[in-house]
Amino acid sequence: MSAQIFPRNANALVWVSIIGLVLLIGGIVAALVGLYLSPWYTEVGVAKEQPVPFSHKHHVDQLKIDCRYCHATVERAAHAGFPSTDTCMSCHSQVWTNSPLLQPVRDSYQSGESVVWNRIYDLPDFVYFNHSVHVAKGIGCASCHGRIDQQHLTAKAQPLYMGWCLGCHRNPEDNVRPRDEVFNMAFDPRSLPLEQRVALVAEYQIPTDGRLTNCYVCHR
Amino acid sequence: MESAARTLNPSRLARVAWIPLCLLLAACHIDMYDQPRYTANQPSDFFEDGRAMRPPVPNTVPMTDEPPDSVMLTGRANGELAVELPMELTAELLERGQTRYNAYCAPCHGLAGDGNGVIAYRGGIQVPSLHNDRLRTVQVGYFFDVITNGINRMYSYANRIPPEDRWAVAAYVRALQLSQNVDANDLTAEERQQLGGQ
């Protein structure tokens, strides 16, 4: 009989290392998921630096300017329409004409060069999102963009993960609102009773037969 | 049994362990995320002005059912400002005009058209009221023309309001003017009651 190679506490060591390995892997997975959901990665609530510190709070909430004044194609095109320098200047040729904050806009108007803004919502190119159909079917701006009318500096309100899109495509009655409330940032669709929202889904002919969750609805 | 033992042989496993690793690394490319095509408002290295969106070449004609010199697109018939809408006046048209007016015009002209919208008020700008004799008697095509081409300090809204909507706004402006300038004798007794008169 040969001498025992392992000391008595080796048994405990085995358990400690097995449990430790499980905890380590679990911890790494949890950390990755946490990172994936964190604003550091999703940029939710993180305002990006812009050439002009434009405030939706001021323009939408305080001045009551309609979303469509600047995002003019939101009802008829895939793209909501980013305001051109001309749009800014249709007011700012008259008001705040000497503000140093607006110098990049005035420079752009004079030179014809674009103001280079930093994009906040950047969907992957394999997703085909269309603003006009959502607006036409009674999905409000605030359902995706949050209370952007309360933001001084613009930041993402949603990570735009696919599960979030699917949540609404599966249960459109959670977020549908009357068409004339689409641009009302303060309107809460859930203030309506469920039956009324279900009726709106039917009235606006939003498919409830599962078509909205087909891959090709968004990926073409 | 022998083959199962062979598959689970640790040294064999070690030899294929790099495969999932390669798959993980391969998943890190972003050329599907950023495909070699342009989307709206993207910058471009190709065009001199750095924009992927191209302005239409001069004298471009819009692709519509209407001829480019039609009343619908120009607001003019034979060079003169149109005196009538090029479409039927309906309640839907007026409602459409109201939403457009409230979005694009009201910031300066005010919801009632009296020239004291929030931008005019806060910016201290004199904005003409829509309720004066000149604008009450002007041709309806005049409003289309002003929205299309701008006037004085007002910019053109042609790139934001499509022609059909400009006519809807013109029609709604007429309705606004009527709302502020009705002879009390033209109202029914019931309507006068609502106004608090006799």
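On a predicted model such as this, the values are computed, not experimentally measured, just so you know. Naming: A, B, ... by sequence-line order, numbering from 1 per chain.
With chain B as the partner, the residue from A:R76, A:E113, A:R119 showing the most heavy-atom pairs under 4.5 Å is A:R76. Chain B forms more heavy-atom pairs under 4.5 Å with one residue of A:I65, A:V127, A:D125 than with any other, namely A:D125. With respect to chain B, the highest number of heavy-atom pairs below 4.5 Å among A:S114, A:S90, A:A72 belongs to A:S90. When the candidates A:W96, A:Y128, A:F183, A:W117 are compared by the number of heavy-atom contacts under 4.5 Å with chain B, A:Y128 comes out ahead.
For A:W164, the CH2 atom is densely surrounded, since the number of other residues' heavy atoms within 6.0 Å is greater than 12.
The closest side-chain donor-acceptor pair between B:T99 and A:R68, if any, does not fall under 3.5 angstrom. Between the side chains of A:Q151 and A:K57, not a single donor N or O lies within less than 3.5 Å of an accepting N or O. A:S93 and B:R153 share no donor-acceptor pair across their side chains, judged by distance under 3.5 Å alone. Side-chain polar atoms of B:R51 and B:N41 form no donor-acceptor pair below 3.5 angstrom.
Both the backbone and the side chain of B:Y33 come within contact range of chain A, judged by heavy atoms closer than 4.5 Å. Only the side chain of B:I125 comes within less than 4.5 Å of a heavy atom in chain A; its backbone stays farther off. Neither the backbone nor the side chain of A:T73 comes within contact range of chain B, judged by heavy atoms closer than 4.5 Å. Neither the backbone nor the side chain of B:Y121 has a heavy atom closer than 4.5 Å to any heavy atom of chain A. Both the backbone and the side chain of A:D86 come within less than 4.5 Å of a heavy atom of chain B.
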Next on the checklist: side-chain contact (heavy atoms from CB on, under 4.5 Å), that's the test. Do A:C218 and A:H169 meet it? Break it down for me.
Outcome noted: CA-CA 11 Å; A:C218 309; A:H169 275 214; 4.1 Å; yes

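Residue-level contacts of residues 128-147 of chain B with chain A do not occur; threshold 4.5 Å between heavy atoms.
The shortest distance between side-chain heavy atoms of B:P107 and A:L63 does not fall below 4.5 Å. Under the 4.5 Å side-chain criterion, counting only non-hydrogen atoms from C-beta, B:L93 is in contact with B:M87.
Among pairs with a residue in residues 67-85 of chain B, none fulfils side chain to side chain donor-acceptor pair (under 3.5 Å), at least two apart in sequence or across chains.
Note: A:Y36 and A:Y161 meet the aromatic proximity criterion, with ring centroids under 6.0 Å apart.
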